[in-house]
Amino acid sequence: MNAEHKSLERKNPFTPEPARIVRTYPLTDDVKFFQVRLVDMDKALLFKYRPGQFAMISVLGTGEAPFCISSTPSRPGLLEFCIRKAGTVTGALFKLKENSLIGLRGPYGNGFPVDDMKNKDIIIVLGGLVVAPLRSVLLYCLDNRDQFGKVSVLYGAKRPAEMIFREEYFSLKERGDLECHLTVDQDDTGTWKENIGVVTTLFPRLKKVDPDATYSLVCGPPVMYKFVIKELLKLNIPKNQILMTLERRMKCGVGKCGHCAIDYIYTCLDGPVFTYWDVLHMRELI
Amino acid sequence: MDKILAKKDFPEWLKKLKAYRVYAPRKQDDVWNYEPVSGPDNVQLADVMTAVPAKKIVFPQREYFFEFRETDDNGTKLTELLPEDNPVVVFGVRPCEGKAVTLTDKVFSGEFEDPYYWKRRNATTLVGLACVNPPSPNCFCTSVNGSPHSKEGLDILLTDLGETFYAEALTKKGEKLIHEGQKLFKDPKPEDKKKAEKIQVEAEKKVRRKLNRIENVPLKLKGMFDSPLWDEESMSCIRCGICTYLCPTCHCFDMNDEVETTTPLQGKRVRTWDTCQFPDFTMHSSGHNPRPEKSSRLRQRINHKFQYFVEIWQNYQCTGCGRCISLCPVGIDIIKVVEKVRDYGS
């Protein structure tokens, strides 16, 4: 009955928009940076998103996969992605040169609640190679620095060579308006001047934390969450102010295909950003 | 709008539906399925349960989203392959399948409306056939808020009165289809309506399988995530996925690119049915799998149908057709599994 009133005027959500790879270069052995622009300049400038949202990238002939946007909406026009070579789509993406044509649709997902985070202190905890979505929110905070309280970054990588955007983080250390602490599990270069140890060893360096006024954002491999969350709970940060972005296999990105469904939620619509409170209630989330 | 159609006039009605592509259940190699009708005399409307549900008409097993072709100027031409507008009519749709379509309607609506689904759905007229006798020994529609004469999702409901069909037009599309038959349709006498109602009430009593007292199952499931029940019940599962592929309410799908030529690159993006019963359904490219065991996947199937879907849409995602019971190669029985959930710990 309601079927008869359905309009078909809306945009086809499955059709990707043509985009070109503007720049691409390796960040580590198996992670590459991609700067992308929608071919249609108006659409490129009007592409509105929140930090933490993702896009579906197509390599036509190979397929499509979801990737978190690691650029910030405060710098419109170009979209950036840090992509780890892991499957068939990323394998095909890695072979593409600058100016290659790809497909892009989105943005999808909830993203970080940047409006709720305003005037709050922000602690960003990064682990390993899965740091792309937090780069977006970090740059967003820095571009709107006066809207946030204290900003602290704790980043742990396996080795110096696996610290993604390490030059960016080194230059952050020079800034006086945020704390940035870096660590590696082991230094195989002999030149590492920062901390050595897992990311949780950086927590004592955080200056006085006002837990109720703090949002903590965590992103890393599944094994890392347990240890980092323990530290954050020790600091008395409320469970619903601990935010994390989670990974899930996805096909459609628009809440239809069922792949990313957990409990009654769809990661593509209701995530990929979840609070620790959500994680406690949805058992298969991590 | 209620009408009466003599059974002998049914082929005449079909002849008038030239503008439509007509589907009806057809038996081939002992299996019934909805197939295009070859001629007006070849339609047999009976109490049968097809193997593949009528959802395939609005949500086909495989369909193309778009075609891509590399162009000479280092670009790619992308052409959307939306279904055509040609009207389709499906005869003999079981009321449980009509109800199931109202559930897929919900899924394919919303902020990101699915144009492929809705183009087909809007072009399709579903002519239901009320079940006089349960078409399957595993029918249990009456236990999941359905009935052998449910009108939900249908455009017309036909009830077999012996020599005639009692035809109820339920939507504008249904009225239009009856209008195509013009004088073949007569106004019913009061006794026709009474007879139809009597048959419908009798039919409800003939549904043998029951899944009683399941109101608390959604809540119960919440506390049973770690129950050993899932291991026990999934032990015999051979992971074939039939329970979900042939479920009229299951809607999960996969999307892939099919390449026809590589130079120039040319191909199509295809959508195919998929199932949560396969391990790679949730497998991350990193190798991490949040649902690695078959027990977790049976739990997902039952939870989705009897808890998660209820939370989102206030409906069980099961209309009681019994296909997943009849067609499971190892005899996993959703009724028994849900009963065990219901009675667990009591």
Side-chain angles (χ1 to χ4, degrees), chain A residues 1-8 10-18 39 56 58-65 84-91 99-103 108 130 221-222 246-249 251-266 268-269 283-286, chain B residues 65-66 68 70 74-76 78 80 82 105 107-116 118-119 121-122 153 170-173 225-226 250-257 259 262 265-267 269 271 274 276 280-288 290-291 296 300 303-304 307-312:
Chain A
M1 278 148 274
N2 74 17
E4 293 179 336
H5 304 291
K6 287 285 166 191
S7 85
L8 290 169
R10 270 191 267 181
K11 199 175 166 289
N12 186 335
F14 299 112
T15 306
E17 197 61 47
V39 170
M56 300 296 297
S58 279
V59 181
L60 293 176
T62 303
E64 200 176 34
R84 185 166 160 234
K85 192 175 175 178
T88 45
V89 175
T90 52
N99 205 37
S100 294
L101 204 58
I102 56 170
Y108 297 128
V130 204
L246 299 178
E247 199 187 335
R248 207 75 188 180
R249 186 183 176 96
K251 283 290 176 173
C252 76
V254 293
K256 314 284 181 223
C257 78
H259 285 257
C260 73
I262 318 159
D263 213 310
Y264 62 93
I265 59 143
Y266 282 79
C268 64
L269 300 178
R283 304 290 299 282
E284 284 173 338
L285 216 47
I286 294 184
Chain B
F65 274 175
F66 53 79
F68 48 87
E70 215 168 29
N74 184 28
T76 304
L78 209 138
E80 285 178 0
L82 283 160
D105 282 355
V107 173
F108 290 113
S109 302
E111 188 189 348
F112 301 103
E113 198 172 87
D114 187 321
Y116 300 88
W118 280 107
K119 214 138 188 231
R121 178 76 173 98
N122 288 332
L170 307 164
T171 63
K172 290 224 161 61
K173 279 194 283 189
F225 197 86
D226 294 319
C250 278
H251 58 81
C252 288
F253 60 82
D254 197 4
M255 289 159 63
N256 286 293
D257 285 4
V259 175
T262 48
L265 180 70
Q266 190 174 333
R269 180 156 296 166
R271 156 157 79 186
D274 202 351
C276 60
D280 66 356
F281 187 77
T282 49
M283 176 85 92
H284 296 187
S285 50
S286 66
H288 176 68
R291 226 175 272 146
S296 61
Q300 171 64 19
N303 266 319
H304 195 195
Q307 184 198 165
Y308 308 153
F309 203 87
V310 180
E311 290 193 36
I312 307 172

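Excluded from the calculations below are hydrogen atoms, water molecules and symmetry mates; all remaining heavy atoms, backbone and side chain alike, are included. Each chain gets a letter, A, B and so on, in the order its sequence line appears, and its residues count up from 1.
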If you compare all heavy atoms of [X] against all heavy atoms of [Y], which two are closest, and at what distance to 0.1 Å?
X	Y	result
A/H259	B/F281	ND1-O, 2.9 Å
B/S286	A/E247	OG-OE2, 4.2 Å
A/Y264	B/I312	O-CD1, 3.2 Å

Residue [X] versus chain B: region with a heavy atom under 4.5 Å:
X	result
A/V39	neither
A/C260	neither
A/L60	both

Among the listed options [options], the residue most often paired with chain B at heavy-atom distances under 4.5 Å:
options	value
A/G63, A/A86, A/G61	A/G61
A/K256, A/E64, A/K251	A/K256
A/G255, A/P16, A/G87	A/P16
A/C257, A/C252, A/G253, A/G258	A/C257

Only pairs of heavy atoms separated by less than 4.5 Å count here; which of [options] has the most with chain A?
options	result
B/Q266, B/M283, B/E80	B/E80
B/L82, B/T282, B/N303	B/T282
B/H251, B/R291, B/H304	B/R291
B/V310, B/N256, B/D257, B/D274	B/D257

So what's closer than 4.5 Å to chain A heavy atoms on [X]: side chain, backbone, both or neither?
X	result
B/Q300	side chain
B/Q307	side chain
B/D254	both
B/V259	side chain
B/F253	both

(message) I want to check something: taking the side chain as every heavy atom from C-beta on, are B/Y116 and A/N12 in contact at a cut-off of under 4.5 Å?
(response) yes
(message) Within the structure provided, determine whether A/P18 and B/L78 are in side-chain contact (heavy-atom separation under 4.5 Å).
(response) no
(request) May I ask you to check if B/R269 and B/F65 form a cation-pi contact, with NZ or CZ under 6.0 angstrom from the six-membered ring centre and within 45° of the axis? (result) no
(request) Decide whether a cation-pi geometry holds between B/R121 and B/F108; the criteria are a distance under 6.0 Å from NZ or CZ to the six-membered ring centre and an angle within 45° of the ring axis. (result) no
(message) Between A/R249 (side chain only) and B/D280 (backbone N and O only), is there a donor and an acceptor less than 3.5 Å apart?
(response) yes
(message) By the definition side-chain contact (heavy atoms from CB on, under 4.5 Å), identify the one residue from A/L269, A/D263, A/I262 that meets it with A/Y266.
(response) A/L269
(request) State the OH-CD1 distance between B/Y308 and A/I265, to the nearest 0.5 angstrom. (result) 10.0 Å
